[in-house]
Engineer: 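One structure coming up, written as C-alpha cells, with questions to follow.
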Amino acid sequence: MSFRTHWADNVQESLITQTITIAGWVQRRRDHGGLVFVDVRDRTGLVQVVADPRNPMFKVLDSVRPEFVVSITGTVQQRPEGMGNRDIASGSVEIVPNLVKVLSESKTPPFMPQEAESVDELMRLKYRYLDLRRTSLFHNFELRDRVLFSLRSFFHEQGFLDVETPALARSTPEGARDFLVPSRVQPGQFYALPQSPQIFKQLLMVAGFERYYQIAKVFRDEDLRADRQPEFTQIDVEMSFVDREEILRLMEAMMKQIFWDALDVRLPDFPRMTYKDAMHQYGSDKPDLRAGEALVDLSDLAHQTEWNVLRQATYTVGVRCRQYAPSRKQLDEWTQFAKDLGSRGLVWMTKAEDGIRCSATKWLDSEFQEKISATANLEIGDTLFLVSGDDPRPFEVAGQIRLEFARRENRMESGWRFLWVTEFPLFEWSEEEQRLTSAHHPFTMPMEEDRSLIAVDPTAVRSEAYDVVLNGIELASGSLRIYQSEVQQNIFSALGLSDTEIQEKFGFLLQAFQYGAPPHGGIAFGLDRIVMLMAGAKSLREVIAFPKTARGTDPLMEAPSTVADSQLAELGIQVQGRHPEK
RNA sequence: GGAGGCGUGGUGUAGUCGGCCUAACACGCAUGCCUGUCACGCAUGAGAUCACGGGUUCGAAUCCCGUCGCCUCCGCCA
C-alpha cells in the first residue's frame with residue numbers, strides 16, 4: 001500500500017465511495033468525544049478525516065496531535081447537508097478512515113505553521129521548516145518554480161545556452177564588497193565569491209558562445225534590507241552581435257513571457273524613459289509610475305521672483321497632491337519630512353474656493369502664487385509642495401514626497417508598471433574616494449555622440465546602460481559593453497587608472513579582447529525581487545527558502561560560526577580580536 | 001557607520017509616568033466531559049530568572065547606564 005494516492009486538494013465529490021489514501025501533517029484535531037475530526041494538510045491544502053467510536057480507527061485518530069505525520073486510507077463520503085466548508089478545496093467531502101498510520105510523531109511545535117505570519121521573524125527563521133509548511137509560503141515557491149521553468153524554456157527557444165561560471169573567482173576592484181574565501185593551497189591568497197558573473201560572461205562572448213544565460217547565485221557583502229540579501233539569484237544574460245534595441249526587445253519579451261506563464265498576466269509594452277527624464281520628472285532613477293503624476297519643474301518661474309530662496313536656487317520642483325487638504329499638523333510633518341531628506345525647507349500652497357493659501361505669502365505675492373498655480377495646473381482642492389535647491393536634491397526630495405504622499409494617502413494605483421530607464425551616466429563622482437568611478441562598471445559602452453566629452457566633461461557622458469524598473473523597484477540592470485580597446489583605454493584614463501593598475505586588475509579581460517571581441521551586451525535580473533513582486537510579498541525572505549537576517553546570520557544553522565584553530569592554521573589565518581564566545 | 005521601533009510563560013500581546021504584580025489576557029499544551037465540527041464548545045490544571053549585565057531606590061517588568069538580538073530606514077549595494 002502506498003503512502004498516498006491523492007493530494008488533499010484533489011479529494012473531490014467525484015471520488016465519493018472510493019477508497020483513497022492521503023498523507024501529510026495533522027493541522028488540527030477537533031475532539032467531540034463521540035466524534036473526532038482531523039484536518040490533514042499536504043502541500044496542496046487540507047482534507048477532513050472523521051471517525052466515531054464504532055470506527056476501529058477511532059482511538060488512533062483521536063490520539064494524533066498537531067504536526068504528526070500520518071497516512072490515512074479511507075472512504076470518501078459526502079458531508080451532511082450544510083456541513084461543507086467553502087474555504088477549502090475538499091470542503092464538500094470528508095474521509096472515513098479504515099486505516100490510520102502514524103508515520104511520525106511531533107513534539108508540540110514552538111508555533112503552528114498557520115499562525116507563523118504573526119510570529120517573530122527570528123523564531124520563524126530558527127524553525128524555518130515549520131514556517132515553510134504554511135501553504136501560503138509554499139505557493140511562493142511554486143510561483144518561483146513556474147517562473148524558472150518559463151525562463152528556461154524562453155531562453156532555450158531563443159538559442160541561449162545555460163553555462164555555469166565559477167563561484168570561486170578573483171576579487172575585482174569596483175562595486176560591492178567581496179566575500180572572500182581563503183585558499184589553502186596558496187596560503188595568504190583568497191578567492192572572491194562573484195558579485196556577478198560579469199567578466200566570465202564577457203569571456204564567453206569572446207569565446208563565440210553568442211547567447212549565454214545563467215540562473216546564477218551571486219554574493220555581495222553589504223548591509224541588508226528587506227529587498228537585499230547577501231546572496232541572491234540573478235538571471236544573467238549576455239549576447240553578441242546585437243544592438244541595444246535587440247537586447248531590450250528580447251528581455252521585454254522574456255518578462256512578458258514569465259508573467260503570462262506564471263501569472264496569466266498580459267503585460268503591455270514597457271514605456272521608456274531616459275535617466276535624465278526619470279530624475280527630473282520623478283526624482284528617482286527608478287520611478288514608481290503607480291504613485292500619481294510626475295513632478296512639475298517650476299524653476300523658470302521661480303527665477304523671476306524677488307524671493308532669494310527661490311530665485312537663487314537652480315531648481316524649484318513641485319509635487320502635485322490632488323484633492324488633498326492637509327491639516328496644520330500634517331503640513332508640519334511634511335516640512336519635517338523634507339528637512340529630514342536634506343531640504344532646507346518646504347513651501348506649500350493649497351488652492352481653495354476662496355483663493356490660494358500659501359506658506360510663503362510673506363515673500364510671494366498673490367499674483368505670483370496664481371502664476372505658480374497655473375503652471376502647475378492646480379485645481380480647487382489641490383495642494384502643491386515646492387522644494388528648492390541645487391541639482392539633484394530638490395528632485396530627489398520632491399520625488400520622495402510624491403511617493404510618501406501616495407503611500408500615506410492610499411493613492412498608490414494597482415497594477416504592474418514596468419519601465420525601461422536608459423542613458424544612465426557613464427561616471428559618477430565618489431565623494432568618499434574623491435575620484436571618478438564607473439556608474440555601472442568600467443566596461444560599459446559610452447554613447448557614441450558623447451565620446452568626445454570623456455576627457456573634458458566626464459560626468460556629462462551618457463552610457464549605453466539600461467535598467468528595468470517595476471513599481472519603483474529596480475529589477476534588472478545591463479549595458480552594451482566596450483569591445484574596442486581604444487575606447488576602453490579612454491575610459492580607464494578618465495577613471496585615473498595607471499597602466500600597471502589596469503594590467504593588474506583587468507589584464508586578463510583586456511588580453512582576451514585582443515583576440516577578436518565581438519560587439520556584445522547583456523543584462524542581469526534579480527530573480528528573487530521579480531518573484532517577490534509577483535507574489536505580492538513584502539520581503540525577499542518570503543521567496544527565499546533559507547534567508548539570512550538583517551545582520552547576515554542564519555539562525556537555523558547558526559552561520560556564520562567560528563571554526564577550529566586547526567582549520568585556521570591550515571589556511572595560514574590568524575584571527576584578530578575574535579569574540580571569545582560565538 | 002548612523003537613526004528609529006521592538007524584546008514579558010511555547011506563541012502573540014497587556015502592564016512600562018516605581019508600590020494596587022503573589023505579573024494579566026488570548027492562543028497553544030495536559031486532563032476530563034461532549035456525535036457534525038472546521039478558530040468546535042465547556043471545566044480543571046501546568047507553564048515566566050519580565051533579553052542580559054550593572055546602577056538608583058525601603059521597593060524595579062516599570063527609572064538610569066551599558067551589552068546583545070530581531071525588524072525598518074539612511075549611508076553602502078558598479
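Chain identifiers are assigned alphabetically (A, B, ...) following the order of the sequence lines, protein sequences preceding nucleic acid strands; residue numbering begins at 1 within each chain. Heavy-atom basis, side chains included; hydrogens, waters and symmetry copies ignored. Keep in mind the model is a prediction, meaning the values are calculated, not measured.
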Engineer: Below 3.5 Å, does any donor atom in the side chain of A/R124 face an acceptor in the base of B/C70, or the other way round?
Structural biologist: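 There is none.
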
Engineer: Would you say A/R541 reaches B/U72's phosphate, i.e. side-chain N/O to OP1/OP2 under 4.0 Å?
Structural biologist: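 Answer yes for this pair, as a side-chain N or O of A/R541 is under 4.0 Å from OP1 or OP2.
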
Engineer: For residues 487-494 of chain A, which side-chain donor-acceptor pairs fall under 3.5 Å, sequence neighbours excluded?
Structural biologist:
{"from": "A/Q488", "atom 1": "NE2", "to": "A/P442", "atom 2": "O", "distance (Å)": "3.0"}
{"from": "A/S493", "atom 1": "OG", "to": "A/Q489", "atom 2": "O", "distance (Å)": "3.1"}
{"from": "A/S493", "atom 1": "OG", "to": "A/N490", "atom 2": "O", "distance (Å)": "3.1"}

Engineer: I need the CG-P distance between A/L130 and B/G12, as an integer number of Å.
Structural biologist: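 My rounded result for the distance is 14 Å.
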
Engineer: Answer yes or no as to whether B/U11 has its base stacked against A/F111, where stacking requires a ring-centre separation under 5.5 angstrom and planes under 30 degrees apart.
Structural biologist: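 Per 5.5 Å and 30° rule: no stacking.
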
Engineer: Summarise protein proximity over nucleotides 25-35 of chain B in one line of letters, 5' to 3': B for base, S for sugar-phosphate only, - for none, counting protein heavy atoms closer than 4.0 Å.
Structural biologist: ---SSSS--BB

Engineer: In whole angstroms, how far is the C1' atom of B/C74 from the CD atom of A/Q400?
Structural biologist: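 Taking CD of A/Q400 and C1' of B/C74, I get 10 Å after rounding.
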
Engineer: Could you state the CZ-C1' distance from A/R407 to B/C73, rounded to the nearest angstrom?
Structural biologist: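 Result: 11 Å.
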
Engineer: Less than 4.0 Å between a side-chain N and a carboxylate O, is that true for A/R481 and A/E238?
Structural biologist: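 Yes, this pair counts.
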
Engineer: Rounded to whole angstroms, how far apart are CG on A/L224 and C1' on B/C74?
Structural biologist: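 That distance rounds to 15 Å.
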
Engineer: Would you check if the distance from the ring center of A/F68 to the ring center of A/W25 is below 6.0 Å?
Structural biologist: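 Here the rings of A/W25 and A/F68 have centres that are no less than 6.0 Å from each other.
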
Engineer: Under 4.0 angstrom, heavy atoms only, what part of the nucleic acid is A/R551 near: base, sugar-phosphate, or nothing?
Structural biologist: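 If one applies the 4.0 Å heavy-atom cut-off, A/R551 turns out to touch the sugar-phosphate alone, with no base involved.
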
Engineer: Could you tell me whether the side chain of A/E117 has a donor or acceptor atom within less than 3.5 Å of a complementary atom in the base of B/G12?
Structural biologist: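 There is none.
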
Engineer: Do NZ/NE/NH1/NH2 and the carboxylate oxygens of A/D178 and A/R220 come within less than 4.0 Å?
Structural biologist: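 No salt bridge links A/D178 with A/R220.
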
Engineer: For A/T553 and B/C70, is the shortest distance between a side-chain N/O and OP1 or OP2 below 4.0 Å?
Structural biologist: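 Affirmative; the distance criterion is met.
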
Engineer: Using a heavy-atom cut-off of 4.0 Å across all strands, would you classify A/D120 as base, sugar-phosphate, or nothing?
Structural biologist: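 Contact class for A/D120: sugar-phosphate only.
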
Engineer: Write out all pairs satisfying salt bridge (charged side-chain N to carboxylate O under 4.0 Å, His left out) with one or both partners inside residues 112-121 of chain A, taking only residues at least two apart or from two chains.
Structural biologist: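 Applying salt bridge (charged side-chain N to carboxylate O under 4.0 Å, His left out) to every pair that reaches into residues 112-121 of chain A, excluding sequence neighbours, yields A/E117-A/R134, A/E121-A/R541.
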
Engineer: Without decimals, in angstroms, what is the distance between A/R79 CZ and B/U37 P?
Structural biologist: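 Atom CZ in A/R79 sits about 11 Å away from atom P in B/U37.
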
Engineer: So, is A/R30 near the phosphate of B/C40, with a side-chain N or O under 4.0 Å from OP1 or OP2?
Structural biologist: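 Checking A/R30 against B/C40: at least one side-chain N or O falls below 4.0 Å of OP1 or OP2.
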
Engineer: B/G75, B/C77, B/C71: which one has an atom nearest the side-chain heavy atoms of A/A550?
Structural biologist: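 Ranking B/G75, B/C77, B/C71 by closest atom to the A/A550 side chain puts B/C71 first.
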
Engineer: Nearest-Å distance, CE (A/M123) to P (B/G9)?
Structural biologist: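 Checked: the CE to P distance equals 9 Å.
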
Engineer: What does A/P80 touch in the nucleic acid at a heavy-atom separation under 4.0 angstrom: a base, only the sugar-phosphate, or nothing?
Structural biologist: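 Result for A/P80 = base.
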
Engineer: Please pick, from B/G36, B/C77, B/C73, the nucleotide with the shortest atom-to-atom distance to any side-chain atom of A/A226.
Structural biologist: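 Selected nucleotide: B/C73.
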
Engineer: May I ask you to say what A/G84 touches in the nucleic acid, namely base, sugar-phosphate or nothing, with a heavy-atom cut-off under 4.0 Å?
Structural biologist: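 Contact class for A/G84: base.
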
Engineer: Considering only B/U37, B/C76, B/G69, which nucleotide approaches the side chain of A/L122 most closely?
Structural biologist: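 Nucleotide nearest to A/L122's side chain: B/G69.
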
Engineer: Are the aromatic rings of A/Y212 and A/F200 close, with centres under 6.0 Å apart?
Structural biologist: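 Ring centroids of A/Y212 and A/F200 are no less than 6.0 Å from each other.
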
Engineer: Can a side-chain donor-acceptor contact be found between A/Q400 and A/E396 if the only test is distance below 3.5 angstrom?
Structural biologist: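 Checked: A/E396/A/Q400 side chains show no N/O donor-acceptor pair below 3.5 Å.
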
Engineer: Taking all atoms of both residues into account, what is the closest heavy-atom pair of A/R228 and A/R529, and its distance?
Structural biologist: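 That closest heavy-atom pairing would be CG-NH2, 3.6 Å.
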
Engineer: Starting from P on B/U37, measure out to CD on A/E94 and report it in whole angstrom.
Structural biologist: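 Whole-Å distance recorded here is 11 Å.
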
Engineer: Between A/D87 (CG) and B/U37 (C1'), how many Å, whole number?
Structural biologist: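 A/D87 atom CG is separated from B/U37 atom C1' by 14 Å.
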
Engineer: Say you pick atom P in B/G18 and the same atom in B/G4; how far apart are they, in whole Å?
Structural biologist: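 The same atom, P, in both gives a distance of 24 Å.
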
